[in-house]
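The next block holds one structure in the form of structure tokens; read it before the comments.
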Amino acid sequence: MNPERVKIDVTPEQTFLEILKSEKKDRWKEWVAVKTKNGTTDLTRTVGEMGSGEYEIEWVHRDTTEAQSVYRHTMSHILAQAVTHIYGVKNVVLGIGPTIENGFYYDILIDNGAVQEEDLPKIEKEMERIIKENYPIRHFTLPKEEAIALMREKGQPYKVELIEHLPEGEPISFYEQGDFVDLCRGPHLSSTGIIRPFKLLSLAGAYWRGDEKNQMLQRIYGTAFPTNEALKDYLEFLEESKRRDHRRLGPQLGLFHIDTEIAAGMPFFLEKGVIALTELQTVWRKFHKEAGYIEVITPLVMHEKLWRQSGHWDHYRENMYFIEKDEQTYAVKPMNCPGHIIIYKSQARSYRELPWKMAEFGKVHRYERSGVLHGLFRVRSFTQDDAHIFMTEDDIVREATDLIHLIDRMYKVFGFEYRVDLSTRPENSMGSDELWELATESLKKALVETQVDYRINEGDGAFYGPKIDFHIKDCLGRTWQCATVQLDFQMPERFDMTYIGQDNQEHRPVMIHRTVFGSLERFMGILIEHYAGAFPSWLAPVQVSVLPIADRHNDYCQRVKETLANRGIRAQVDSRSKKINYKIRDAQLNKVPYMMVVGDKEVEEEKIALRTRNEKDLGAITLDSFIDVFEKEVKELADHSLFE
RNA sequence: GCCAGCGUAGCUCAGUCGGUAGAGCGGCUCACUCGUAAUGAGCAGGUCACGGGUUCGAUUCCUGUCGCUGGCUCCA
């Protein structure tokens with residue numbers, strides 16, 4: 001929708017709402033706010049508040065993203081108001097109620113009680129009533145002291161705390177609708193009846209101000225849309241996401257299994273899952289070989305003293321598994337870097353060897369608190385496609401730049417969109433300010449050079465250095481960190497790593513820790529959801545299912561399968577005595593890219609009738625002509641069938 | 001770990017206001033030999049997550065443990 005710019009020059013007492021109504025007549029409800037030179041604001045404000053003279057404004061239409069945050073914000077107030085009505089205003093302590101990407105929430109605390117899932121319809125009903133009442137929403141401000149006094153009087157300690165953190169001297173902004181007043185920056189709708197379609201979605205716990213030392217509040221999530229149609233679409237999207245969920249599809253397609261009693265957070269990969277993982281690794285190896293990496297394997301269990309030296313003992317022990325044997329303590333590795341450093345230090349190193357890129361599919365174990373485990377996305381044992389680049393300081397920017405390109409190139413294979421964060425120094429970290437500064441600036445420089453959009457993630461770096469993180473979205477729009485590039489001056493120091501320079505003197509190398517997939521497990525989970533289980537041919541565990549129509553065609557099908565297998569094509573014959581419809585449906589549900597239907601006609605003509613999983617009967621062709629195209633499809637890592 | 005909800009056959013789910021359980025799919029057997037998304041019949045399969053308590057009796061009520069889901073905190 002194109003922004004509508006309007007010139008206004010009217011009486012200062014007039015509200016934008018009045019202007020809007022006279023301009024748009026009975027369609028005025030389609031616009032929910034107004035953009036002025038001072039930013040987006042309420043329609044109920046008077047023109048005079050914005051200053052005097054002639055200037056341009058822009059009406060904010062309900063279908064815009066900007067409008068979403070307006071009506072959803074109002075909806076969160078309506079939610080809070082409904083909760084006070086149901087549980088009694090004296091029993092409800094309010095936290096915050098912002099809008100989020102797909103909706104809104106409100107954090108509340110109910111005295112001597114809790115909201116339960118089954119209460120949501122009741123709350124929705126009260127919200128409907130408030131919407132129907134169509135209370136006008138009034139904005140007002142108070143000086144800080146009076147604002148605090150008002151919230152004290154209303155028994156809202158969290159609101160008092162919020163106001164206390166607001167800057168001195170500025171008026172505190174409130175909104176009032178009927179019997180409900182809330183501290184809020186706005187903007188809001190002009191009354192509670194403007195946007196109707198909404199739904200409360202779920203209930204969760206959330207710490208006050210996001211700190212686990214604080215009281216846990218109850219968070220009620222909901223969403224709202226300008227039309228019933230849009231709300232329905234969103235709810236359908238949620239349903240579709242459930243169908244794509246890798247935790248459902250993975251076991252269904254025979255890719256992996258998680259036995260939550262025996263090994264919570266530690267997936268078992270099944271035959272088909274291993275085939276897909278192996279293909280992933282093959283492509284990875286190709287890309288990395290071209291980029292000059294070598295591959296190593298380090299032990300899973302190493303002596304405690306290694307971890308003391310690396311700093312993991314002090315900074316990461318909570319997340320590590322330990323083993324006692326021979327009165328010695330060993331740790332199951334949570335990271336691969338110390339092992340790689342041991343390899344580095346096993347010989348004297350020359351500047352001629354640098355930059356040295358040492359890679360490993362390193363299986364690591366990290367203890368994670370039970371509540372955070374999530375399918376393949378958050379596990380306790382996983383395989384990092386890890387690598388460490390040992391180099392001189394002069395190499396940093398070039399190596400980081402190369403990495404950003406490598407990651408981008410690999411993600412393009414799958415068509416992933418991703419978000420990039422630069423994470424800076426955390427609290428529990430080691431090293432001097434100067435080194436952190438240098439390291440952070442180097443990464444920034446690489447980001448600028450590659451022209452990647454990124455945002456700063458303050459204080460989220462590793463304990464040994466800053467990092468660039470790449471996040472990919474899952475089917476519900478939640479983002480998961482996958483690739484990471486971490487710069488490290490600490491480990492070389494702690495392990496007294498050196499190389500002999502051109503000047504025949506000892507020098508200290510610098511390290512980059514990096515992954516592309518992040519974790520094979522997580523990446524596989526994301527792939528399952530991305531493709532809804534229908535992997536492209538090169539990744540598909542079963543690439544071709546040969547389907548005899550009757551038992552007498554089994555031998556011919558077996559020969560077809562063998563021919564395919566000899567060409568390295570993963571094929572199977574479905575020789576069960578079932579009808580062809582049944583076999584097709586079965587292959588379809590298993591997301592097999594190609595089906596070959598074989599009956600009397602095909603046997604006689606030495607052909608196969610080809611069908612893709614996208615329900616297309618392509619007719620009879622010779623096996624050779626299939627193989628030609630198919631091999632091309634696999635070689636190109638094509639994401640769709642070349643037959644379609 | 002925290003808050004709320006939940007745990008019944010391999011999977012999806014019924015059911016029992018306290019008297020030890022049922023369906024569909026899947027599996028196995030038999031018949032059918034079929035042309036582009038489910039042929040029919042029969043059979044097998046459950047210590048109702050696990051431990052303790054209340055009770056004549058617990059899958060059902062209470063309680064603890066483990067696990068799961070949605071979030072929060074934390075993280076690849």
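Just so it is clear: chains get the letters A, B, ... in the order the sequence lines come, proteins before strands, and each one is counted from 1. Keep in mind that this is a model prediction, so the values were computed, not measured.
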> What residues form a ring pair (Phe, Tyr, Trp, His ring centres under 6.0 Å) with A/Y418, not counting sequence neighbours?
Replying inline: A/Y411, A/F470

>> Any base atoms under 4.0 Å from A/H553, or only sugar-phosphate, or nothing? Heavy atoms, all strands.
In response: nothing

> B/U73 P sits how many Å from A/E318 CD, rounded?
Replying inline: 19 Å

> So, does the side chain of A/E368 form a donor-acceptor pair with the base of B/A76 at under 3.5 Å?
Replying inline: yes

> Taking N and O atoms by type only, does the side chain of A/R378 place a donor or acceptor under 3.5 Å from a partner on the base of B/C74?
Replying inline: yes

> Can you tell which of B/A4, B/G1, B/C2 lies closest to the side chain of A/E212?
Replying inline: B/G1

> How many Å lie between CG on A/L373 and C1' on B/A76, as a whole number?
Replying inline: 13 Å

> Excluding sequence neighbours, so at least two apart, what forms salt bridge (Lys or Arg N to Asp or Glu O under 4.0 Å) with A/K583?
Replying inline: none

> Is the shortest side-chain N/O distance from A/Y582 to OP1 or OP2 of B/G40 below 4.0 Å?
Replying inline: no

> What residues in residues 252-271 of chain A put a non-hydrogen atom under 4.0 Å from any atom of RNA chain B?
Replying inline: A/T260, A/E261

> Quick one: the side chain of A/R552 and the base of B/U33, do they pair up donor-acceptor inside 3.5 Å?
Replying inline: no

> Which nucleotide sits closest to the side chain of A/I580: B/C34, B/G1, B/C3?
Replying inline: B/C34

> Ignoring hydrogens and angles, are the base of B/U36 and the side chain of A/N581 linked by a donor-acceptor pair under 3.5 Å?
Replying inline: no

>> Would the base of B/G1 count as contacting A/Y207 through its side chain, where contact means a donor and an acceptor less than 3.5 Å apart?
In response: yes

>> From the set B/G70, B/C75, B/U33, return the single nucleotide nearest to any side-chain atom of A/R366.
In response: B/C75

> How far, in whole Å, is B/A37 from B/U47 if one measures between their C1' atoms?
Replying inline: 40 Å

> Of all of residues 479-488 of chain A, which get a heavy atom below 4.0 angstrom from RNA chain B, listed by number?
Replying inline: A/Q481, A/C482

>> Give me the distance, rounded to whole Å, that separates B/A14 from B/C25 when you measure between the C1' atoms they each carry.
In response: 15 Å

> Does NZ or CZ of A/K578 lie under 6.0 Å from the centre of the six-membered ring of A/Y582, at an angle within 45° of the ring axis?
Replying inline: yes

>> Does the Lys NZ or Arg CZ of A/R72 fall within the cation-pi geometry relative to A/F225 - under 6.0 Å from the ring centre and within 45° of the axis?
In response: yes

> What string of B, S and - do you get for nucleotides 42-48 of chain B, 5' to 3', when a contact is any protein heavy atom under 4.0 Å?
Replying inline: -------

>> For A/H374 and A/W480, I'd like to know if the aromatic rings sit close, meaning centre-to-centre distance below 6.0 Å.
In response: yes

> According to a strict under-4.0 Å criterion, is A/R576 in side-chain N/O contact with OP1 or OP2 of B/G27?
Replying inline: yes

> Are A/F414 and A/H530 close enough that their ring centers fall under 6.0 Å?
Replying inline: no

> Considering heavy-atom distances to RNA chain B, does A/S381 or A/G599 have its closest nucleotide positioned more toward the 5' end?
Replying inline: A/G599

>> Counting Watson-Crick and G-U wobble pairs with both distances under 3.5 Å, what is the dot-bracket string for RNA chain B, 5' to 3', using [ ] for crossing pairs and | for pairs to another strand?
In response: (((((((..((((.....[..)))).(((((.......))))).....(((((..]....))))))))))))....

> How close or far is atom C1' of B/G35 from atom NZ of A/K579, stated in whole angstroms?
Replying inline: 11 Å

>> How many whole angstroms separate atom OH of A/Y316 from atom P of B/C75?
In response: 8 Å

